[in-house]
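First comes the structure, then the notes that go with it.
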Number of protein chains: 2
Amino acid sequence: MPKLGMEPIRRAALVKATIDEIGASGTLDITVSKIAKRAGMSSALAHHYFGGKDQIFLAAMRHTLTVYGAEVRGALIMADNPESRLEAIIRAGFTISNFRREVVAAWLNFYVLAQSSPQARRLLTVYQSRLRSNLIYNLRPLIADRAAGAAERIAGLIDGLYLRRGLDQSDDAGHDATKHVLALLRAELRGQS
Amino acid sequence: MPKLGMEPIRRAALVKATIDEIGASGTLDITVSKIAKRAGMSSALAHHYFGGKDQIFLAAMRHTLTVYGAEVRGALIMADNPESRLEAIIRAGFTISNFRREVVAAWLNFYVLAQSSPQARRLLTVYQSRLRSNLIYNLRPLIADRAAGAAERIAGLIDGLYLRRGLDQSDDAGHDATKHVLALLRAELRGQS
DNA sequence: TTTTTTCTTGATTGACGAGTCAATAAAGAA
DNA sequence: TTCTTTATTGACTCGTCAATCAAGAAAAAA
């Protein structure tokens, strides 16, 4: 049975299973066995490829952030001016793939993990910094000095709507969320300090 | 040793210890023994008064929400028009006592708990509903039809800034946070749909 | 004083879970 | 073919923790 080159396949399966398991339980309080079973292998194998539970979580986190980053970059390709770039950044956060329940649950739990794991915190900080600088970079030509504050508010609202998403059980919440952040963006572009 | 009427004292001590322990660890993954030790008693006693870990968490949650609610109500006493009432509601969320690190950590973890515990979810939903209706009630006389959307954004930004608070290690983050939400409030009051 | 109620804990139970390991099996290398 | 590397698992170890319980001590009631 041992086909060679299983490692990347197993790792990917475990990462996906981890996110699904977090989504299903809403907690990081899940067992390696459960994750492994969901990924169709024994828990020993999960340990073999990742070394430990922490590493599995970090890998799942990295994956989530990577997918998010890719989606943002993809959206930016089509945008050729600051305003549409801002809109693209915002929309990317609420696409169906990023705003799925499991993914949101995973995000929330990664924030929790970041409270106790320096590595997790570092990853989240990178995400936050990138989002902030993306926003500021595109806001500056439009509202110069107010860019920094506006970026903080937009980023904050995005995170807040994610947080609230977990409690709504409606399924098209992404639409409203996008609308809200775009409304804030317009207000920021229009307003005076 | 057995002084009578210990129950309320023990319960209060356990609730406080729970919040502190969550704050110290950043997780709900804490033991009853640790909580009990922090509160100066044996774990058996904690079980005696609360029945189980879940109940302890729920009590801590109720306490946090109660304190928050009281602070909002207190702030509203001094406010006699919609605009100042809105400001009071916002300010109450970022007072030193509500925005302390342990308290924010507890909030975050309560959001997580709400993903898996119906009771926790119910409590959080009550909080959200109250905040929303408070905001809408006072926004309506000022911006009528846009009140609902504006309330959603303000509430979302408050939650988002809480979420982000956990990652900053700065200590006077409350000041900036208040400023941001007030800026949003002014933008909402000023803007047109 | 005896009895009951309230308070308290140390010790124990029972379950569960992370991580290890020895063993098996297949594929490729020598 | 023999040896090595990669893949894989069941069984086991070791620790931890929630929950229970029996028992003791002090106040209050009888």
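Order of the sequence lines fixes the chain letters, A, B, ..., with proteins taken first and strands second; residue numbering starts at 1 for each chain.
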Heavy-atom distance under 4.5 Å between the side chains of A:Y111 and B:L167, does that happen here?
yes
Check whether the side chains of B:S97 and B:E71 place a donor and an acceptor atom closer than 3.5 Å, and report yes or no.
yes
Check B:F94, B:Y68, B:Y127, B:F110 against B:Y162 for a ring-ring contact (aromatic ring centres under 6.0 Å, His included) and give me the one that passes.
B:F94
Which whole-number value in Å describes the distance from A:R11 CZ to D:dT8 C1'?
16 Å
A:E21 atom CD is separated from C:dG17 atom P, nearest whole Å, by 11 Å
Please walk me through it: do A:I30 and A:F57 pass side chain to side chain contact (heavy atoms under 4.5 Å, CB included)?
CA-CA 11 Å; A:I30 56 183; A:F57 283 153; 4.1 Å; yes
Would A:F99 and A:W107 count as a close aromatic pair, with their ring centres under 6.0 Å?
no
SB check B:K16 B:D20 (cutoff 4.0 Å)
yes
Taking the side chain as C-beta and beyond, is there a heavy-atom pair between A:L135 and A:R132 under 4.5 Å?
no
For DNA chain C, the residues among residues 25-56 of chain A that have a non-hydrogen atom under 4.0 Å from it:
A:I30, A:T31, A:V32, A:A44, A:H47, A:G52, A:K53
B:R10 side chain near C:dT8 phosphate (N/O to OP1/OP2, under 4.0 Å):
yes
Under a 4.0 Å heavy-atom cutoff, the residues of residues 57-64 of chain B touching DNA chain C are none
Would you kindly give the CE-to-C1' distance between A:M6 and C:dA27, to the nearest whole Å?
12 Å
Minimum side-chain heavy-atom gap B:L108-B:R165 below 4.5 Å:
no
